[in-house]
Amino acid sequence: MAPTTNTLDRTNYLNATKGFMSWFWTIDHKRLGLMYLWSVITCFILGGFFAMKIRLSLMPGAVDFATQTAEQMNAYNNAFTVHGAVMIFLVIIPSIPAALGNFVVPMMLGAKDVAFPRLNRFSYHLWLIGALLFVATLIIGNLDTGWTFYPPYSTGHTDPSVITAVLAAFILGFSSIFTGLNFIVTIHKMRPPEMTWFKMPLFLWAIYATAVIQVLATPVIGISLLLILVEKTMQIGIFTPELGGDPVFFQHLFWFYSHPAVYIMVLPGMGIMSELFATFSRKPIFGYRSIAMSSIAIAIFSFIVWGHHMFISGQSQLMSVIFSALTFSVAVPSAIKVFNWISTMYKGSISFTTPMLYGMSIIWLFGIGGLTGLFLATLGTDIVFHDTYFIVAHFHYVMVGSALFGFIGGIHYWWPKMYGKVVDGPLAKLGCLLSFVGFNMTFLPQFVGGSKGMPRRYAAYGSEQGFDDWNYWSTMGAMVLCAGLFIALFALLRSFFVKGTLAPANPWGGVTLEWQSPSPPPEHNFEIAPPVVGDPYDMSLVEYVSEEEGFLPVNPRSDDPCVADVKPEEA
Amino acid sequence: MSAHDNHPEGVAHHFESASQQFDSGKLGIWTFLLTEVLFFSALFVAYTMYRNNYPEVFQFASQYLDTNLGALNTLVLLLSSFTIAWGVRNAMLGETKKLTINLIITLVCAAGFMMIKAEEYGHKFHEGTLWGGHEHSIFKLDANDVDPHMAEHSLAFNNPDGEFTAAVKDLDPEFRQKLGIFFGIYFCLTGLHGIHVLIGMILLSWLLIRNLRGEFGPKNFAAVDFIALYWHLVDLIWIFLFPLLYLIS
Ligand code: HEM
Ligand SMILES: [Cu+2]
């Protein structure tokens with residue numbers, strides 16, 4: 001029997017108003033979340049296109065090392081720069097906070113919206129402007145500085161595409177700052193009185209820690225990029241060696257942001273992990289406080305380790321030793337989280353749903369990504385690994401394997417809330433499996449190639465250098481990964497066309513507040529406000545009800561219409 | 001939807017109460033000011049680093065800045081901070097007329113600041129005391145690269161009246177180049193600050209218009225309060241810039 005309470009005919013935030021402007025000019029955090037979601041997915045496909053371009057041109061035999069032409073090298077430089085810049089500034093940084101965070105944060109708080117809904121809309125429009133500027137960059141072409149925009153590459157040479165790209169990143173930075181600011185205020189001021197800090201879902205802790213980094217670190221990259229801009233257009237000279245400036249100074253500023261930024265990317269993914277592991281192990285999360293505090297610890301530590309990107313850029317040895325030691329300390333809170341997730345699974349009754357499969361993949365991928373970070377934090381080994389494919393593999397394991405997989409897992413987890421459809425069939429699982437296999441196939445060989453000294457950012461390698469096998473497997477893996485991701489996307493899209501499988505309010509048995517609202521939620525999130533606040537991980541608060549095909553609160557409120565329809569005798 | 005019927009007036013739909021709304025705004029603006037401080041931070045770090053490495057250059061370069069105009073601007077901004085603070089009080093007490101006057105004085109001060117700044121900038125461009133990469137800069141590594149026109153008429157370049165310790169053309173080339181860096185930092189810092197003053201002027205004008213429409217009063221003064229905070233920050237940054245740039249000795 002289909003659940004009576006959940007039909008798409010009921011007025012909800014998706015169908016309450018219609019027309020282009022009702023979306024484009026909306027201040028509803030849920031609609032903004034969805035617009036971010038689809039925008040980010042679009043950019044991901046764009047970035048993915050360039051990734052495939054990179055991998056195909058690195059396929060042994062595609063570009064000959066001895067006879068490669070300047071055009072081929074330029075095209076390659078352009079491809080990896082655009083790939084990196086799009087993936088970082090347009091995809092991973094906004095992915096979880098701006099897309100899923102916007103949708104979920106107010107609902108988890110039982111609130112009607114974020115603290116500043118208009119500012120939220122402004123953030124999205126800034127994001128759009130940034131994205132359009134990136135498109136302009138693509139049209140101008142020849143962006144070849146690497147996503148890091150190091151001077152003198154970015155300041156010396158004459159291509160105007162640097163200007164639009166830097167301006168885009170600058171504007172995207174402000175979009176990110178305002179999103180973070182909004183979440184900080186929302187989490188501080190809009191929590192229901194019963195929800196104390198330590199009764200907050202861990203996703204909110206993660207988003208909060210992320211927002212702090214967004215607000216504190218992003219302005220620094222903002223001003224640095226602005227300086228690159230004036231440096232390039234007006235030859236100011238602060239970074240330009242010909243004018244007496246110091247290019248290494250830019251690297252310090254850049255990494256002062258960009259190291260914390262890697263935690264902007266991964267912390268929200270970790271927040272999703274905590275939700276997934278509790279819900280799908282049907283157990284309270286293990287070590288709630290240590291997970292919450294480790295998010296804060298990571299946020300703090302992330303500000304004092306940037307020098308590990310510059311071990312061989314000419315900083316003093318003393319600085320390098322200090323940065324190395326501090327970098328090791330970041331691994332501690334990261335490991336705490338992983339151990340807590342594993343402990344949560346221990347003796348739980350695990351259901352292998354699609355979101356959980358992503359979660360479990362991340363344990364492996366983040367494990368590998370995090371541990372190889374320690375190789376890089378070690379001064380002696382980093383001298384060998386720096387600027388090799390070992391680095392490339394490391395950061396893809398953390399950024400794709402952890403942050404992006406977390407994003408996709410989160411999409412599957414909250415898809416029923418967003419669209420009222422559960423996507424958990426064999427196709428979705430196949431997507432996850434292929435992505436996992438393809439991902440490892442792509443990047444494990446890069447660790448090996450890198451440790452044998454294969455430098456990054458080269459357009460071609462000679463066969464006699466012995467990297468051909470690694471490149472071959474990596475390119476094959478990229479194709480598998482690509483297929484896996486498309487299957488996942490297809491499974492999601494297909495749900496729009498499948499009739500009759502409407503999601504119940506709480507398909508997975510989550511205890512956080514968003515599951516107390518119908519799927520999809522009404523315009524103001526909850527039909528009766530505010531929802532009942534309890535321990536976010538006390539699984540005994542909900543139970544499976546087969547007529548509902550989902551979970552319901554054990555002690556329903558008498559005025560809850562969701563419940564009243566199904567079990568009138570108990571209401 | 002009974003919650004909606006008795007929703008307090010002037011409170012956005014997603015807030016429970018006026019105080020929740022006000023507190024959120026307050027936290028929001030303070031957080032924003034924090035990002036502003038960090039936004040300037042990189043330039044202050046650049047200043048500190050170069051000053052630390054080339055103290056003599058900074059000392060020398062500072063002489064080209066007009067301390068009198070700088071001091072005057074400091075006074076102008078201090079006055080404007082005072083009037084806007086008074087304005088917040090006016091708004092809280094519902095003294096609409098006084099608020100109008102205070103807003104106008106603040107705006108006039110801001111405009112005065114920008115005019116004085118423009119005067120200073122104009123002088124710098126005239127003399128060629130600019131960042132090294134500018135075509136009219138007199139701070140080139142090789143003195144022969146200086147635009148002949150500037151080389152001819154710039155007092156600073158030739159220094160005929162002995163006002164400074166040395167004429168720029170006789171300086172050590174490295175030293176001269178680093179003077180260009182000082183002016184790069186000077187223009188970036190004061191330029192960025194000037195942009196903030198301009199944004200402040202737009203915000204103040206918006207307040208003025210709203211006040212003329214009678215929108216502010218004891219129950220609705222948040223906008224005045226928040227923009228005043230922003231304005232204080234803009235002043236504060238100048239309070240740091242003035243001694244750091246003009247008063248090096
Ligand atoms: C678990 C703790 C981690 C440690 C100890 C660590 C350590 C390092 C070190 C030392 C480097 C510099 C290597 C070099 O350039 O020679 C590095 C590079 C990098 N890491 Fe990590 N890392 C960690 C986690 C992460 C996470 C979570 C992310 C992203 C989500 C990340 C993203 C990156 C990126 C993007 C780069 C290279 C950027 C570039 O050069 O283009 N790392 N890591
Ligand atoms: Cu780092």
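Every chain is numbered from 1 and lettered A, B, ... according to where its sequence line falls, protein lines coming before strand lines.
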Engaged part of A/Glu242 at the chain B interface, taking heavy atoms whose separation is under 4.5 Å: backbone
Residue part contacting chain B, namely of A/Asn182, when any heavy atom lies under 4.5 Å: neither
Heavy atoms from other residues, nucleotides or ligands near CZ of B/Phe242 exceed 12 (cutoff 6.0 Å): yes
CD (B/Glu119) with more than 12 external heavy atoms under 6.0 Å: no
Partner set under ring pair (Phe, Tyr, Trp, His ring centres under 6.0 Å) for A/Tyr257, not counting sequence neighbours: none
Main-chain N/O of A/Val114 paired with B/His14 side-chain donor or acceptor, under 3.5 Å: yes
Heavy-atom neighbours of A/Phe122 CZ exceed 12 at 6.0 Å: no
Pairwise side-chain contact, A/Leu243 with B/Trp131, heavy-atom cut-off 4.5 Å (strictly under): no
Separation between CD1 of B/Ile181 and OG1 of A/Thr240, rounded to the nearest 0.5 Å: 8.0 Å
Under 4.5 Å from any heavy atom of chain B - which part of A/Ile221: neither
Atom pair OG1 (B/Thr35) and CZ (A/Phe174), whose distance is rounded to the nearest 0.5 Å: 6.5 Å
Salt bridge (charged side-chain N to carboxylate O under 4.0 Å, His left out) contacts in which one or both residues fall within residues 121-145 of chain B, not counting sequence neighbours: none
Residues of residues 37-48 of chain B with any heavy atom under 4.5 Å of a heavy atom in chain A: B/Leu38, B/Phe39, B/Ser41, B/Ala42, B/Leu43, B/Val45, B/Ala46
Which atoms of A/Phe256 approach chain B - backbone, side chain, both or neither, heavy atom under 4.5 Å: neither
Interface moiety of A/Ile177 toward chain B, non-hydrogen atoms closer than 4.5 Å: side chain
Residues, nucleotides or ligands: over 12 heavy atoms within 6.0 Å of A/Trp197 CH2: yes
Flag side-chain contact, heavy atom, 4.5 Å: B/Phe15 against A/Met190: yes
Over 12 non-hydrogen atoms of neighbours within 6.0 angstrom of CZ in B/Phe125: yes
Winner by heavy-atom pair count (cut-off under 4.5 Å) against chain B, out of A/Asp246, A/Ile184, A/Asn525, A/Val230: A/Asp246
Residues of residues 185-199 of chain B with any heavy atom under 4.5 Å of a heavy atom in chain A: B/Ile185, B/Cys188, B/Leu192
Atom group of A/Leu119 that falls short of 4.5 Å from chain B, counting heavy atoms: neither
Neighbour count above 12 (heavy atom, 6.0 Å) for B/Glu16 CD: no
